[in-house]
Amino acid sequence: MSLTDARPHEHIQAVVDAWKERCLLEDGSLLYDEEQLWSPDNLAQAHHNIAEQPLLDGGSFIEKLERQLAGERRLVLLGAELLVVYYLFAWDGSVGAATKRDRVAKVLAWANAELPEDSEAWQALGEAGIGHPGQFFLLRPDIQLGFLLDFALRLKKEPASEQRQTLSDPWRLRDFADAGEDQGASGMRHILLHLLHPDAFEPISSGQDKQRIASTYADLVDDDIEDLDEQLVVIRRGLAELLGQPSGEVEFYREPLASTWGGHRAKGDANLVDGLEL
């Protein structure tokens with residue numbers, strides 16, 4: 001599911017833009033100007049430690065992550081920045097701002113570093129978030145981080161002239177994201193596409209919800225449009241016209257639309273992971 005929040009996400013978008021330019025297109029850092037953290041070597045090592053060699057014994061996610069980052073400063077800082085990206089989408093009813101900041105700060109502390117309170121990342125983690133990322137997304141952050149690492153690492157392997165083209169074209173980006181590993185990280189796939197192209201991809205983390213919406217409003221879509229996300233673009237435009245609203249104000253999780261396809265606002269699950277030892 002994805003309970004969306006209609007409030008502006010100024011700081012979240014600023015962090016996404018910085019991540020794209022400084023980390024995906026360059027090898028720099030999201031938090032520190034002087035660091036080179038998102039290099040292919042660092043990404044490959046982190047991916048090996050987290051995704052290729054998962055720790056299956058007991059312990060929380062944070063405890064395992066500390067072992068997987070092996071006390072190497074460059075990997076610790078990269079791990080903290082991965083967590084920043086991981087938490088950007090999450091609505092504050094699923095993960096509170098204090099929890100997001102505390103978890104990132106805890107990882108940074110392993111490298112004797114801090115999350116600057118005047119940074120865009122600090123502000124972004126304090127915003128209300130965009131949508132509900134789903135319980136599996138929240139309970140298995142290791143899988144989601146593995147997807148992010150795989151995505152970034154594969155992008156770095158593309159010719160430099162094509163990297164920006166891949167990130168700039170929403171449908172090329174979709175195909176690129178879908179060519180990588182999944183293994184349960186479909187929530188991160190939907191979230192990543194929305195973060196990088198919010199005008200093309202719905203703020204929805206659930207493929208099942210997307211399919212329900214598309215099925216409900218199938219009459220608004222030409223039969224030759226087969227891709228689910230492309231169908232939703234057409235549906236949004238059609239509903240905007242029918243409702244007499246700007247396209248950006250169409251909200252699938254609010255009435256009058258929510259009850260038409262089975263969507264609903266989450267109730268009773270505020271701060272789902274705040275009390276969990278992940």
Side-chain angles (χ1 to χ4, degrees), residues 3-39 42-43 46 50 61-62 65-66 69 71-133 137-138 141 144-145 148-149 151-152 155-156 164 167 188 191-192 194-199 203 270-276 278:
L3 169 67
T4 55
D5 192 296
R7 285 173 282 185
H9 311 113
E10 175 184 355
H11 296 292
I12 292 175
Q13 189 58 55
V15 170
V16 172
D17 292 343
W19 179 56
K20 173 182 173 182
E21 295 295 329
R22 298 168 59 175
C23 303
L24 296 180
L25 293 172
E26 302 293 339
D27 294 345
S29 166
L30 185 60
L31 300 175
Y32 308 104
D33 292 339
E34 70 279 6
E35 299 287 350
Q36 294 289 299
L37 302 178
W38 290 75
S39 67
N42 288 351
L43 292 169
I50 295 173
F61 161 70
I62 288 293
L65 184 63
E66 184 173 14
L69 299 180
E72 295 189 48
R73 185 175 186 278
R74 60 190 176 90
L75 296 185
V76 169
L77 296 181
L78 174 60
E81 294 190 359
L82 282 164
L83 279 182
V84 171
V85 177
Y86 165 77
Y87 279 129
L88 287 177
F89 182 89
W91 164 62
D92 60 2
S94 58
V95 192
T99 297
K100 296 177 185 179
R101 289 168 170 168
D102 287 348
R103 296 226 170 116
V104 173
K106 184 171 186 176
V107 175
L108 287 172
W110 302 338
N112 295 317
E114 297 180 349
L115 179 62
E117 294 190 12
D118 60 351
S119 66
E120 285 287 355
W122 174 274
Q123 297 296 328
L125 295 177
E127 288 187 336
I130 298 172
H132 198 312
F137 180 96
L138 296 171
Q144 318 309 324
L145 296 190
L148 282 177
L149 286 163
F151 173 87
L155 184 69
K156 302 279 183 178
R164 188 174 293 275
L167 291 175
M188 191 73 252
I191 288 170
L192 179 63
H194 173 73
L195 290 175
L196 290 170
H197 281 282
D199 292 334
N271 300 321
L272 281 173
V273 304
D274 282 8
L276 298 179
L278 295 182

**Asked** Who passes salt bridge (charged side-chain N to carboxylate O under 4.0 Å, His left out) against Glu21, sequence neighbours left out?
**Response** Arg164
**Message:** Is any side-chain heavy atom of Pro133 closer than 4.5 Å to one of Ile191?
**Reply:** yes
**Prompt:** Rounded to the nearest 0.5 Å, what separation is found between the CD1 atom of Ile62 and the CH2 atom of Trp110?
**Reply:** 5.0 Å
**Item:** Side-chain heavy-atom pair Trp122, Val104 within 4.5 angstrom cut-off
**Value:** no
**Asked** Are any of the side-chain heavy atoms of Val95 and Leu138 separated by less than 4.5 Å?
**Response** yes
**Message:** Quick one, Pro198 and Gln13 - any side-chain contact, counting heavy atoms below 4.5 Å?
**Reply:** yes
**Request:** Enumerate the residue pairs fulfilling side chain to side chain donor-acceptor pair (under 3.5 Å) with a member in residues 111-120, sequence neighbours excluded, ordered by first and then second residue.
**Result:** His11-Glu120
**Request:** Please examine the side chains of Ile130 and Leu88, heavy atoms only from C-beta on, and report whether any two atoms are closer than 4.5 Å.
**Result:** no
**Interatomic spacing from OH in Tyr86 to CE in Met188 - rounded to 0.5 Å** = 9.0 Å
**Prompt:** Among pairs that include at least one residue of residues 24-33, which meet salt bridge (charged side-chain N to carboxylate O under 4.0 Å, His left out), considering only residues two or more places apart or in two chains?
**Reply:** Arg22-Asp33, Asp27-Lys156
**Prompt:** Should Leu108 and Leu77 count as side-chain neighbours, where that means a heavy-atom distance under 4.5 Å?
**Reply:** yes
**Request:** Go through the structure and list residues passing side-chain hydrogen bond (donor to acceptor under 3.5 Å, both in side chains) with Trp38, not counting sequence neighbours.
**Result:** Glu81
**Request:** Check for a donor-acceptor pair, side chain of Asp92 on one end and backbone N or O of Ala97 on the other, with a separation under 3.5 Å.
**Result:** no
**Message:** Under a 3.5 Å distance rule, please check whether His197 uses its side chain to pair with a backbone N or O of Leu167 as donor and acceptor.
**Reply:** yes
**Request:** Give the C-alpha distance, both sets of side-chain angles, the deciding distance and a yes or no for side-chain contact (heavy atoms from CB on, under 4.5 Å) between Phe61 and Leu145.
**Result:** CA-CA 11 Å; Phe61 161 70; Leu145 296 190; 3.8 Å; yes
**Request:** Report the residues that fulfil salt bridge (charged side-chain N to carboxylate O under 4.0 Å, His left out) with Arg74, sequence neighbours left out, ordered by chain and then residue number.
**Result:** Glu72
**Request:** Identify, with sequence neighbours excluded, every residue that meets side-chain hydrogen bond (donor to acceptor under 3.5 Å, both in side chains) alongside Asp102.
**Result:** none
**Request:** Identify whether the distance between the nearest side-chain nitrogen and carboxylate oxygen of Glu127 and Lys100 falls below 4.0 Å.
**Result:** no
**Item:** Inter-residue atom distance Leu149.CG - Leu82.CG, 0.5 Å rounding
**Value:** 4.5 Å
